[in-house]
Amino acid sequence: MRTLILSDIHANLTALMTVLADAATFDQVWCLGDVIGYGPNPNECIECIQNLPGIQCIKGNHDAAIIGDIDVRAFNYEARASLAWLDSELSLKNRQWLANRPERLVLEDMTLVHGSPRNPVWEYILDKRSALENMAAFETTICLVGHTHIPSIYHQESEDGMTAKVHHLTPGEHFSIESKSIINPGSVGQPRDHNPKASYMIFDDCTDEWLYKRVSYNIREVQEQIIALGLPERHASRLTVGW
Ligand code: ZN
């Protein structure tokens, strides 16, 4: 079984379609939240995700904000502008679908959350310290997270959980997991690791092997849509630099 793992699509349908075509063959899809926010195609992205095989999708902070679970004042000015536009755009059916997403899922030997296992919607795991503090907050071998838009793996090195190791990934790299780990597949629609290519992972449970991939997509097309809709210019310009 090949599982396609996506996160932080952020209403970027062009990036999503490019990733789906690049991944080519997969049996099921797990999505780690933030299907919407920032980008120009929120309804289209939700409808595309809903129809993917074996889809399991959790709720991100942008998803939670648009359905009123989170006060939008917690977001910066530009994110709030994007959320205000979204509020007028999102269909009732898609809003309800977002509202029904769980914050946490346990599938096979993996826990899925958007931010962190101890604070599923909000916490950013950006360093070894926050990764270590979160190792005790999930029971499975692996915890999949998104939210930072930075692909990364934190391995717990010892049983007592006192040390962690960061695994820096190279696009196209295959890897396997030997110890309790927190894995972030990076962002499909708004990468923030200074690499503008869309990011995703595939896990094959027959070989126990993971694949980390980046793929170029038509960034200009998405930027033109963002500008034409009057959304914040920065949400367009940052796609060029992947930040
Ligand atoms: Zn996000």
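All ligand and atom numbering here is 1-based and tracks the order in the structure. Note that these values count all heavy atoms, side chains included, but never hydrogens, waters or copies made by symmetry. Everything numeric here is computed off the predicted structure, so don't read it as measured data.
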* What angle sits at the Zn ion (ligand 1) between NE2 of His149 and NE2 of His10, to 10°? -> 90°
* Can you spot which of His149, His114, Gln190, His147 makes a side chain to side chain donor-acceptor pair (under 3.5 Å) with Asp34? => His114
* Structure fact -> Of all N, O or S atoms in Asp34, the one closest to the Zn ion (ligand 1) is OD2
* Structure fact -> Of all N, O or S atoms in Asp8, the one closest to the Zn ion (ligand 1) is OD1
* Is a side-chain N or O of Asn43 found less than 3.5 angstrom from the main chain of Glu89, in a donor-acceptor match? -> yes
* Please determine, by modelled atom types, if Glu221 and Thr14 share a side-chain donor-acceptor pair under 3.5 angstrom. => yes
* **Evaluation steps, ring pair (Phe, Tyr, Trp, His ring centres under 6.0 Å), between His10 and His235** => CA-CA 10 Å; His10 282 297; His235 294 166; 9.1 Å; no
